[in-house]
Amino acid sequence: MRRERVPIAVGILAASGAAFFILPLLGLIVRSPWGDAIKALTAPDTVEALKLSLVASLSATVIALVFGVPLAWVFARVEFRGRNLLRALTTLPMVLPPVVGGIALLLAFGRRGLVGSWLDSTFGITLPFTTAGVVMAETFVAMPFLIITVEAGLRSMDRRYEEAARTLGAKRWTVFTRVTLPLIGPSLFAGAVLCWARALGEFGATITFAGNFPGVTQTMPLAVYLLLGTDHEASYILSLVLLVISLGVLVALRHRWLGSA
Amino acid sequence: MRRERVPIAVGILAASGAAFFILPLLGLIVRSPWGDAIKALTAPDTVEALKLSLVASLSATVIALVFGVPLAWVFARVEFRGRNLLRALTTLPMVLPPVVGGIALLLAFGRRGLVGSWLDSTFGITLPFTTAGVVMAETFVAMPFLIITVEAGLRSMDRRYEEAARTLGAKRWTVFTRVTLPLIGPSLFAGAVLCWARALGEFGATITFAGNFPGVTQTMPLAVYLLLGTDHEASYILSLVLLVISLGVLVALRHRWLGSA
Amino acid sequence: MSLEANVRLTLGALDLDIELSVDEAEVVALLGPNGAGKTTLLRAVAGLVPLTSGYVKLDGRVLEDAASGKYVPTERRSIGVVFQDYLLFPHLSVLANVAFGMRSRGMPSHEAAEKAAQWLDRVGLSAYVQDKPDALSGGQRQRVALARALAPDPRLLLLDEPLAALDVTTRAEVRRDLKRHLTTFPGLRLVVTHDPLEAAMLADRLVVMENGRLVQTGTPAEVTERPRSQYVADLVGVNLLRGQADHGSVRISDDSVIAAAAAESGDVFAVIHPRAVALHLRRPEGSPRNAWPGRVSGVEMLGGRVRVRVEGDVPLVAEVTPAAISDMQVAEGGEVWVSFKSTDVGVYPA
Amino acid sequence: MSLEANVRLTLGALDLDIELSVDEAEVVALLGPNGAGKTTLLRAVAGLVPLTSGYVKLDGRVLEDAASGKYVPTERRSIGVVFQDYLLFPHLSVLANVAFGMRSRGMPSHEAAEKAAQWLDRVGLSAYVQDKPDALSGGQRQRVALARALAPDPRLLLLDEPLAALDVTTRAEVRRDLKRHLTTFPGLRLVVTHDPLEAAMLADRLVVMENGRLVQTGTPAEVTERPRSQYVADLVGVNLLRGQADHGSVRISDDSVIAAAAAESGDVFAVIHPRAVALHLRRPEGSPRNAWPGRVSGVEMLGGRVRVRVEGDVPLVAEVTPAAISDMQVAEGGEVWVSFKSTDVGVYPA
Amino acid sequence: GSGGTIQGSNLSDYASVFAAASLTDSFKALGSAFQTAHPGITVQFNFAGTPTLVTQIEQGAAADVFASADTTNMDKLKADGFTSANSQVFAHNKLEIVVGAGNPKHITGLADLAKPGVIYITEAATVPAGKYALQSLASAGVKVTPKSLETDVKSVVSKIELGEADAGIVYVTDVKAAGSTVAGVPIPDSVNVIATYPIVAIKGTPNLDVADTFIAYVLSADGQAMLQSFGFLPAS
Ligand SMILES: Nc1ncnc2c1ncn2[C@@H]1O[C@H](COP(=O)(O)OP(=O)(O)OP(=O)(O)O)[C@@H](O)[C@H]1O
Ligand SMILES: Nc1ncnc2c1ncn2[C@@H]1O[C@H](COP(=O)(O)OP(=O)(O)OP(=O)(O)O)[C@@H](O)[C@H]1O
Ligand SMILES: [Mg+2]
Ligand SMILES: [Mg+2]
């Protein structure tokens with residue numbers, strides 16, 4: 001292809017748009033107390049928070065895949081009354097202020113919640129204020145990203161491949177795992193990356209539903225938040241760590257989840 | 001097409017996934033003090049916050065369109081060094097805890113910020129504590145959704161339509177506005193809806209960058225959060241209002257932004 | 001032992017209502033213009049699109065019956081389908097594509113791989129087993145699609161325009177192979193095409209459909225000689241007229257009657273081969289009983305001959321030699337006379 | 001006044017290196033198998049793909065020159081392109097599609113609409129001006145694409161397989177119209193196709209390319225009579241051999257020599273029409289100086305004749321009547337003799 | 001530790017303390033000192049805004065101790081029946097004006113907040129500090145319109161630090177925690193408001209004895225000294 005030339009107006013607008021994202025980041029970098037960086041990063045709380053953040057966000061992504069892919073499939077493929085409503089419901093965590101999301105989670109899965117009280121009395125399971133609770137809060141907030149992306153992938157895939165598989169005798173589950181999933185690979189991947197990124201930055205729902213216990217439920221965003229009150233410059237450093245990690249993953253994978261380089 | 005039958009495993013997983021979104025919402029509905037609903041909803045602060053939320057989120061969407069579409073176009077069409085990095089940077093607000101995002105915005109556009117101090121001294125413009133600041137914070141957090149969706153749309157569109165337009169003598173800007181934009185209409189629409197929904201629920205960056213003053217910078221999520229401290233059941237009602245509005249828009253439009261019913 | 005289908009369904013603008021049977025002894029070709037519903041009919045037989053009414057029976061077993069609601073899902077029908085654009089799984093190797101059907105039906109992996117390799121050998125693609133489909137040429141893909149459909153030993157083989165995606169040169173070669181595989185395949189065979197040459201070469205019986213309905217069926221020779229619709233006549237390249245026969249004449253319209261040496265009477269088709277139509281600059285003298293003036297509306301070279309369309313009382317196409325054309329200085333818009341002998345008119349009941 | 005292009009570029013597996021010129025007096029058809037680079041060459045002429053070296057000149061004006069770096073962007077070249085799958089803008093009405101080129105070149109909206117309506121009238125689509133392209137049939141879309149390309153009065157008209165997306169019946173009709181428009185178009189005309197019949201019907205001169213290179217050019221008759229590659233021979237349906245001519249014989253390989261009534265010598269092509277090849281069950285007696293035994297490897301009906309492939313010292317295709325076949329009981333795998341007269345061998349320098 | 005709970009498990013050498021976010025630093029320090037004084041006992045902190053903590057406890061969080069930044073929330077929890085006994089006040093706090101380092105706008109008292117050109121921010125009235133600030137301004141007779149009603153003390157301090165606002169009203173302890181990046185301007189006791197920090201053990205906790213031990217430590221001389229080092233006023 002001939003190299004694309006950029007219309008001037010487009011170039012100017014795009015550059016301003018990019019500046020809008022770069023400047024705040026620059027601000028963080030410039031104002032960070034780089035002298036204290038090592039100290040801030042090696043503090044035991046920081047290391048623990050980082051570990052927890054990674055573990056929880058990855059678990060949330062896995063759970064979102066397990067439940068979100070079937071849900072996206074149903075949205076894309078099965079017609080039923082209330083589908084539009086249900087579909088919109090699953091995107092609500094994107095709209096809900098996360099703190100409210102956390103409260104809603106407590107109302108449902110807390111020890112006094114609709115389901116939580118039954119879980120507690122029957123199995124002795126309580127979810128809030130545990131690492132499982134962190135994973136749950138992150139899944140709640142991040143899963144819509146996966147669902148939306150995968151549903152779009154399912155809708156744009158050529159369904160005739162599934163039909164071809166069926167004419168070859170493949171049962172529905174085989175079609176799903178051996179044809180559908182591989183064919184929507186890029187969307188699946190994109191959805192998972194977005195979901196993971198959102199989970200990594202989750203704050204409001206986590207602190208509300210899971211609390212803020214170092215080593216158990218204190219993820220990086222919570223650690224950053226607590227530092228803001230006292231040593232806010234150290235908090236910039238932690239934010240940058242969070243940024244660099246996700247930046248690394250996004251840069252490394254983005255050409256894959258966008259489909260081409 | 002023959003009606004799709006749902007594999008059992010898929011059905012169970014999808015139903016559990018859906019329950020995960022429905023239960024918290026049910027929790028909110030069940031625990032809301034419906035008797036006081038009218039009072040909570042007609043309080044002048046609530047009405048003002050709702051108005052401001054709608055105005056700000058729509059403005060943020062428009063601004064995101066103006067800057068985000070060219071940016072997505074550049075990402076999809078122009079090859080340059082650092083494109084992957086820049087692209088990842090524009091998705092960072094999705095990862096950044098919003099409060100940190102707000103601080104980063106202050107560091108860049110605040111009164112003492114990298115650009116803000118110049119804006120202040122040269123034009124006397126300060127953005128924090130203004131409605132413009134609210135719009136800016138919402139744009140920062142929500143625009144990545146638009147960029148990602150539009151870029152994906154641009155990449156999957158058939159570029160030969162643009163070539164056809166050029167053989168007909170269309171200059172680049174004409175190609176962009178008369179061919180490219182209409183052809184990616186569905187992606188544009190989907191991106192705008194997602195962006196708007198995210199802007200509507202924005203809390204952390206807004207409170208940090210723009211502060212909270214009724215009628216000027218207090219959006220619904222802020223009003224909800226503050227109510228949590230005193231009358232947290234009334235705050236559920238306000239959250240539900242927020243939910244119902246976005247639910248309405250999403251249900252009404254989702255079949256369009258997903259391309260088919 | 002046969003396929004018997006009676007398919008009635010509506011899909012978008014298409015209203016399909018057709019009866020179809022395929023015997024073991026014959027290769028049947030389904031012929032028709034774009035949008036006639038050929039693919040839809042195939043999909044209905046495969047169970048991929050539901051019937052509104054009617055049934056599909058394979059070897060006497062009911063696969064689907066709208067009246068009783070019985071429905072054997074696609075994956076439990078013993079069919080092999082070659083899709084128009086093949087639909088090879090892009091994420092699987094050629095070998096895995098061919099093994100897919102056998103694996104799906106529960107054959108152990110190494111056995112399926114072995115059988116798939118044999119099939120690929122049979123279609124001459126042993127060298128490509130590990131390649132992904134998109135590394136193959138069109139002709140090679142077609143062969144993989146065929147091997148994939150045949151490998152699980154289906155009872156019924158359905159092919160949807162198996163050669164349409166190939167270019168002219170590859171097509172001839174692949175057609176020969178396909179012919180051979182169709183001949184040796186032990187089950188029932190149904191091929192969709194919209195190329196009459198292809199249909200005639202591959203099939204023993206043609207089923208012509210238009211707008212979701214059957215318009216004609218018969219051997220290639222029967223269909224060629226006695227077209228029953230303008231579509232078939234165009235395909236075959238002959239002039240087809242319809243009218244009332246009466247004692248050696250056929251009334252085409254109020255104004256025009258042609259002489260035909262035939263004993264038929266009543267509603268008939270009359271077919272005149274373009275080669276039998278002569279062109280003249282003046283009213284012809286002598287034996288031709290059919291002659292009238294007209295205006296040339298098109299001149300076309302076609303394989304060493306020239307086809308001239310003449311508009312007149314009865315529009316006709318004449319096929320003449322290039323020499324004749326240059327002698328007569330025939331050009332578009334020019335006035336000519338057309339004539340043909342009554343013995344050159346084929347007449348048969350409509 | 002002409003198009004002169006010398007295009008050299010590499011794109012994926014394609015290595016294009018070709019010289020092409022189009023004169024005002026002629027319609028040129030670019031012919032070649034899939035992947036030959038026909039579309040790429042057209043795109044290079046249109047300025048949509050950059051040259052590695054070479055140039056494109058239109059009426060003496062340099063549009064692109066790799067050496068000097070000069071490049072006139074596509075939108076400033078006076079070209080009209082009909083794309084293979086038309087690429088009508090799906091979001092615009094038929095009228096707006098046709099008006100697009102004129103609007104882009106700055107014509108006021110009402111004037112462009114008026115001219116577009118005239119063009120649509122000319123291609124017989126007045127009734128569809130307000131429809132979206134996807135409401136049209138394939139043939140109608142083709143006409144809109146043509147009108148859209150012609151409306152801005154381009155100097156050079158490029159058509160990429162303009163009929164490929166149509167079915168057999170529509171194709172004949174649209175081809176007639178296209179022929180008419182090409183004949184009356186006052187500029188330069190270049191048509192890509194891979195159908196030799198189509199090429200012969202539409203064009204005055206053929207340019208045959210394979211693998212990015214020119215292999216032959218000439219009038220349809222020249223190319224048909226003297227194919228210079230196996231591809232062209234296959235297209236035309238003749239037997240093509242290559243060898244050393246020497247006093248009335250052509251040595252094809254170490255073992256086989258054929259007799260040919262021709263005075264050529266040196267490296268030559270020898271062409272034998274299948275109709276000139278006879279089949280016998282036993283060694284033929286009499287005049288044919290060329291006769292040898294072989295094994296039948298394929299039998300195919302083709303438009304009322306039967307084509308028989310015979311493998312032997314020199315593989316040949318014979319075209320005989322169906323009656324002959326049934327008399328001789330020829331079947332695949334059977335042994336036969338082929339023969340042809342030395343006067344039926346056309347010989348020309350390679 | 002001493003057992004005697006129903007589970008009879010090792011849970012009794014552990015307590016979970018839900019403490020207001022403004023207590024983060026001081027309670028962390030208290031916690032380590034407590035664990036040194038009581039080896040084998042672990043206390044774990046959950047810091048968040050006081051209303052959030054109340055919601056969490058009412059929704060069944062396994063909290064043992066609740067340390068509140070105001071009495072309103074404590075009273076609410078008590079009224080809803082979640083406290084095991086009466087709460088005890090463990091610290092007081094008072095308001096201070098927070099200004100940028102070096103006090104660039106030369107703020108000397110509450111009256112200066114109304115000077116033109118001074119950007120004043122405070123907490124929303126639903127936040128305890130915001131309510132106290134309003135009371136303080138009222139008793140000083142100062143009328144001033146804030147630019148923003150922040151959701152917590154922390155964001156007021158942040159905005160002063162970053163120079164977005166010129167002055168705000170926060171607790172003395174917050175000014176102290178922020179260190180040299182900001183400065184404090186005292187508010188005379190006559191117009192100041194004293195904030196009260198109550199602490200309580202949660203009803204039905206299996207770790208009641210550890211909870212009581214921790215509360216006792218907070219109220220002990222060591223605990224009080226530690227809190228005062230962070231700027232809190234003594235409990236009594
Ligand atoms: N899923 C569908 N939704 C709506 N209409 C459909 C659908 N599938 C087919 N049709 C209608 O049925 C018509 C016939 O389609 P079909 O593919 O069966 O024709 P065909 O004979 O195979 O044509 P072709 O030669 O182009 O392959 C189409 O033109 C369309 O109007
Ligand atoms: N954008 C591209 N990237 C990589 N390879 C390309 C690209 N475009 C063309 N090619 C290569 O050039 C070859 C020829 O393409 P082209 O479309 O010009 O052939 P064609 O003669 O028009 O074939 P067809 O008859 O199938 O239309 C392709 O097979 C492909 O290998
Ligand atoms: Mg079809
Ligand atoms: Mg091409």
Side-chain angles (χ1 to χ4, degrees), chain B residues 1 65-66 68-70 72-74 76-81 83 146 149-193 253 255-261, chain D residues 39-40 42-49 63 71-93 96-107 109 112 116 119 132-133 141 144-160:
Chain B
M1 297 310 95
L65 281 169
V66 170
V69 171
W73 187 87
V74 168
R77 294 294 163 74
V78 189
E79 289 194 34
F80 54 93
R81 276 172 61 90
R83 176 171 64 165
L146 184 96
T149 317
V150 173
E151 181 180 353
L154 282 168
R155 280 178 182 273
S156 64
M157 84 166 261
D158 189 343
R159 298 200 47 188
R160 294 175 313 144
Y161 285 107
E162 297 176 343
E163 295 181 345
R166 292 181 56 202
T167 66
L168 289 165
K171 312 246 164 355
R172 288 171 192 261
W173 182 251
T174 313
V175 173
F176 184 65
T177 54
R178 298 253 303 150
V179 177
T180 312
L181 287 187
L183 282 180
I184 59 161
S187 302
L188 209 59
F189 193 76
V193 171
L253 301 180
H255 68 279
R256 281 192 54 199
W257 56 278
L258 270 172
S260 84
Chain D
T39 299
T40 307
L42 234 57
R43 287 166 50 80
V45 170
L48 292 169
V49 49
L63 292 183
Y71 166 66
V72 176
T74 304
E75 56 269 27
R76 286 198 272 124
R77 300 184 180 192
S78 180
I79 51 176
V81 185
V82 175
F83 294 89
Q84 180 163 354
D85 29 12
Y86 312 144
L87 298 178
L88 299 178
F89 303 125
H91 58 292
L92 297 181
S93 70
N97 261 283
V98 177
F100 191 96
M102 297 175 290
R103 293 284 293 125
S104 292
R105 291 185 163 94
M107 190 183 285
S109 135
W119 268 105
K132 288 282 163 67
R141 274 181 229 181
V144 176
L146 188 65
R148 183 177 73 170
L150 290 173
D153 276 330
R155 175 73 192 129
L156 170 64
L157 185 61
L158 303 169
L159 301 100
D160 194 359

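Bear in mind the structure is a predicted one, so any value in this text is a computation, not a measurement. Within every chain, numbering begins at 1; the chains are lettered A, B, ... in the order of the sequence lines, protein sequences first and strands thereafter. Values reported hereafter were calculated over all heavy atoms of this structure, with side chains retained and with hydrogens, waters and symmetry mates removed.
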Within the distance-only criterion (no hydrogens, no angle test), does the side chain of D:Arg105 pair as donor or acceptor with the backbone N or O of B:Leu168 below 3.5 angstrom?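 Confirmed, D:Arg105 side chain pairs with B:Leu168 backbone.
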Check whether D:His91 reaches the backbone of B:Leu181 with its side chain - one donor and one acceptor, N or O, closer than 3.5 Å.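 No, D:His91 side chain to B:Leu181 backbone: no donor-acceptor pair under 3.5 Å.
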Of the options B:Glu162, B:Glu163, B:Arg160, which is the one that meets D:Leu48 in a side-chain contact (heavy atoms from CB on, under 4.5 Å)?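 One option only clears the test, and that one is B:Glu163.
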Close side-chain approach of [X] and [Y], heavy atoms under 4.5 Å:
| X | Y | answer |
| --- | --- | --- |
| D:Phe89 | B:Arg178 | no |
| D:Pro90 | B:Tyr161 | yes |
| B:Asp158 | D:Leu87 | yes |

Inspect the contact between B:Arg166 and D:Glu75 and indicate whether a charged nitrogen and a carboxylate oxygen are less than 4.0 angstrom apart.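 Yes, D:Glu75 and B:Arg166 are salt-bridged.
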Heavy-atom distances under 4.5 Å only: say whether D:Leu88 touches chain B with side chain, backbone, both or neither.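 For D:Leu88, the contact with chain B is made by the backbone alone.
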